[in-house]
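Data block below; observations after.
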Amino acid sequence: MFSRLVFGLGLLSATALVHPALAADARTLQIIVSKDKQSLAVYDGTEVIATSKVSTGKDGHTTPSGIFSVLEKQKYHESNLYSNAPMPFMQRLTWSGIALHESNSVPRYPASHGCVRMPGAFAKKLYGMTEPGIPVIISDGEVVPQPIDHPTLFHPEAPAPMLLLSDVELRPSMPDSPGTPVQVAMNDTAAMPMPAAPIATPQPEPPSEPISMLITRRTLRETVIDIQTLLNQLGFPAGDPDGLLGPATVEAIKAFKTLRPAEFAGDRSLVSDTLLKSVYAATGKGEPPNGVIMVRQAFKPIFEAPVTIADPGLALGTHFFTLHAVDDKAGTADWLGITLENNLSRETMKRLGITNQESSIVSGRPIARSLSRVTIPEETRRRIEALIAPGSTLTISDTGLGRDTGEGTDFITITRG
């Protein structure tokens with residue numbers, strides 16, 4: 001039974017700690033910071049296990065809202081940006097300077113230069129509860145993770161059921177004709193070898209490292225990678241599929257278009273939907289996808305694959321899911337989900353081809369509707385379902401890779417800068 005330590009009286013006090021999490025359980029925790037309430041809550045599933053007051057960034061140094069994870073931990077750190085200001089029990093959220101840390105000034109209103117300040121006792125205790133990779137959600141308003149069950153979400157493949165004796169058609173053991181002797185084959189037990197020693201039951205393997213996933217709209221980068229890959233297959237040397245429009249790629253595109261002058265008449269763009277569809281058709285790939293799923297593990301990219309997003313003119317919204325528990329035998333997974341407010345600018349909507357964002361963000365059941373619009377190829381699904389473990393996360397976002405996503409990070413999504 002966990003020991004209980006309470007500092008104050010819940011969210012109304014400076015800090016409340018319901019129970020300390022064990023290190024082995026840290027991967028299933030998530031931290032949610034509400035800028036509106038100036039509060040922090042640690043969730044284990046849907047249970048709040050610790051709370052504290054905080055101070056986020058003041059005017060001119062606003063703490064960004066969005067989806068982050070702990071990238072690095074240091075018991076003592078000095079700010080690289082603000083005159084070596086001390087930041088004890090620092091837990092880094094971005095490499096550009098946002099972190100959770102202890103402060104002796106936590107007035108429960110925005111007062112920092114962008115970080116999330118916490119009282120000393122709580123900052124120390126939280127430091128001992130977490131490990132790198134734990135999700136940190138910073139929201140404008142208060143959000144609460146809710147259980148969600150949807151066929152688009154990933155779950156382990158249940159093992160094939162064993163053939164039971166009751167499933168086998170048995171032949172009659174008695175002869176058809178009464179009185180006919182029954183011959184029974186007998187073994188000479190004296191000549192039989194001694195039974196082998198019982199085989200030890202293999203111990204279950206420890207859970208694998210959780211993975212993080214992002215489903216988003218394809219950008220020019222993913223489009224160019226596809227074009228490079230397919231042009232190489234067609235015999236037009238486009239270079240390594242790196243998403244960059246280097247000289248080899250440009251020459252390959254021009255050579256491909258030269259052989260199809262009628263198809264590209266009036267198309268002045270080097271890379272366009274016409275080009276992508278033409279290359280897909282030439283390789284027998286059908287219609288090109290409009291979405292992508294990216295997978296990372298231990299802050300490193302593993303793979304990415306195309307997905308299809310229905311009704312692309314409608315915004316997906318920003319949704320975050322955590323895998324709290326997995327039952328491999330039953331083939332079930334307990335997912336939790338939240339929706340973050342993310343109002344897109346006109347420029348962003350135009351760039352992404354979005355004509356309507358209200359219905360997917362504000363009304364109805366935005367999580368379920370967004371999940372229902374995503375189609376993931378079965379091969380990709382099987383590959384991911386072999387990797388998922390408790391603590392795995394999934395982000396759905398219209399806006400793609402956040403600018404802070406890079407080497408040594410999970411997927412960082414900024415909903416308000």
Side-chain angles (χ1 to χ4, degrees), residues 213-296 301-316 342 344-357 373-377 380 395-407 409 411-414 417:
M213 298 167 280
L214 171 67
I215 293 177
T216 189
R217 297 168 185 268
R218 285 163 62 92
T219 65
L220 179 62
R221 170 185 169 273
E222 288 79 48
T223 297
V224 172
I225 287 175
D226 264 8
I227 290 171
Q228 290 169 322
T229 301
L230 299 180
L231 285 178
N232 285 331
Q233 293 178 13
L234 292 170
F236 298 90
D240 293 334
D242 56 9
L244 303 176
L245 289 169
T249 302
V250 172
E251 288 304 315
I253 292 173
K254 290 180 178 179
F256 178 81
K257 289 182 175 182
T258 299
L259 298 179
R260 295 164 173 78
E263 193 172 342
F264 293 98
D267 186 2
R268 298 182 179 181
S269 300
L270 180 65
V271 177
S272 62
D273 289 340
T274 302
L275 172 64
L276 184 62
K277 290 179 179 179
S278 180
V279 172
Y280 260 75
T283 51
K285 300 291 185 181
E287 283 292 314
N290 59 0
V292 62
I293 183 167
M294 304 178 186
V295 182
R296 291 189 171 200
I302 298 181
F303 74 93
E304 56 188 70
V307 301
T308 301
I309 300 171
D311 300 323
L314 179 65
L316 286 167
N342 188 9
L344 305 176
S345 67
R346 289 184 179 180
E347 293 77 9
T348 300
M349 291 177 62
K350 182 178 180 180
R351 174 173 59 84
L352 299 175
I354 295 173
T355 57
N356 185 350
Q357 66 169 322
R373 290 168 53 201
V374 177
T375 301
I376 302 169
T380 301
T395 300
I396 294 180
S397 172
D398 288 298
T399 53
L401 292 172
R403 66 176 182 270
D404 285 299
T405 302
E407 187 175 350
T409 75
F411 298 108
I412 297 176
T413 301
I414 305 297

Tell me, with the steps shown, if Arg296 and Thr405 meet side-chain contact (heavy atoms from CB on, under 4.5 Å). CA-CA 11 Å; Arg296 291 189 171 200; Thr405 302; 3.9 Å; yes
Check for a donor-acceptor pair, side chain of [X] on one end and backbone N or O of [Y] on the other, with a separation under 3.5 Å.
| X | Y | value |
| --- | --- | --- |
| Gln228 | Gly239 | no |
| Arg218 | Pro306 | no |
| Thr355 | Gly313 | yes |
| Arg373 | Ala310 | yes |

Out of curiosity, [X] [atom1] to [Y] [atom2], how far, rounded to the nearest 0.5 Å?
| X | Y | atom1 | atom2 | answer |
| --- | --- | --- | --- | --- |
| Leu259 | Phe264 | CG | CZ | 10.0 Å |
| Met349 | Asn356 | CE | CG | 7.0 Å |
| Ile225 | Thr219 | CD1 | OG1 | 8.0 Å |
| Ile302 | Met213 | CD1 | CE | 10.0 Å |
| Lys277 | Ser272 | NZ | OG | 9.5 Å |
| Asp398 | Ile354 | CG | CD1 | 4.0 Å |

Would you check if [X] and [Y] make a side-chain contact, meaning some heavy-atom pair closer than 4.5 Å?
| X | Y | result |
| --- | --- | --- |
| Val224 | Leu244 | no |
| Thr409 | Asp404 | no |
| Val271 | Leu245 | yes |
| Ile215 | Ile376 | yes |
| Leu401 | Met294 | yes |
| Val292 | Thr216 | yes |
| Thr308 | Asn290 | yes |

Listed by chain and number, what are the side chain to side chain contact (heavy atoms under 4.5 Å, CB included) partners of Ala248, not counting sequence neighbours? none
Ile253 and Leu270: side-chain contact (heavy atoms from CB on, under 4.5 Å), yes or no, with the steps? CA-CA 8 Å; Ile253 292 173; Leu270 180 65; 3.8 Å; yes
[X], [atom1]: over 12 other non-hydrogen atoms inside 6.0 angstrom:
| X | atom1 | answer |
| --- | --- | --- |
| Asp273 | CG | no |
| Arg221 | CZ | yes |
| Asp242 | CG | yes |
| Lys257 | NZ | yes |

Does any donor atom in the side chain of Glu263 or Ser278 lie under 3.5 Å from an acceptor atom in the other side chain? yes
Residue pairs passing the ring-ring contact (aromatic ring centres under 6.0 Å, His included) test where at least one lies in residues 219-241, sequence neighbours excluded: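 Non-adjacent pairs meeting ring-ring contact (aromatic ring centres under 6.0 Å, His included): Phe236-Phe256.
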Which atom of [X] lies closest to which atom of [Y], heavy atoms considered:
| X | Y | answer |
| --- | --- | --- |
| Ala238 | Thr249 | O-OG1, 2.8 Å |
| Ser397 | Leu316 | O-CD1, 4.4 Å |
| Glu222 | Glu304 | CG-OE2, 3.9 Å |

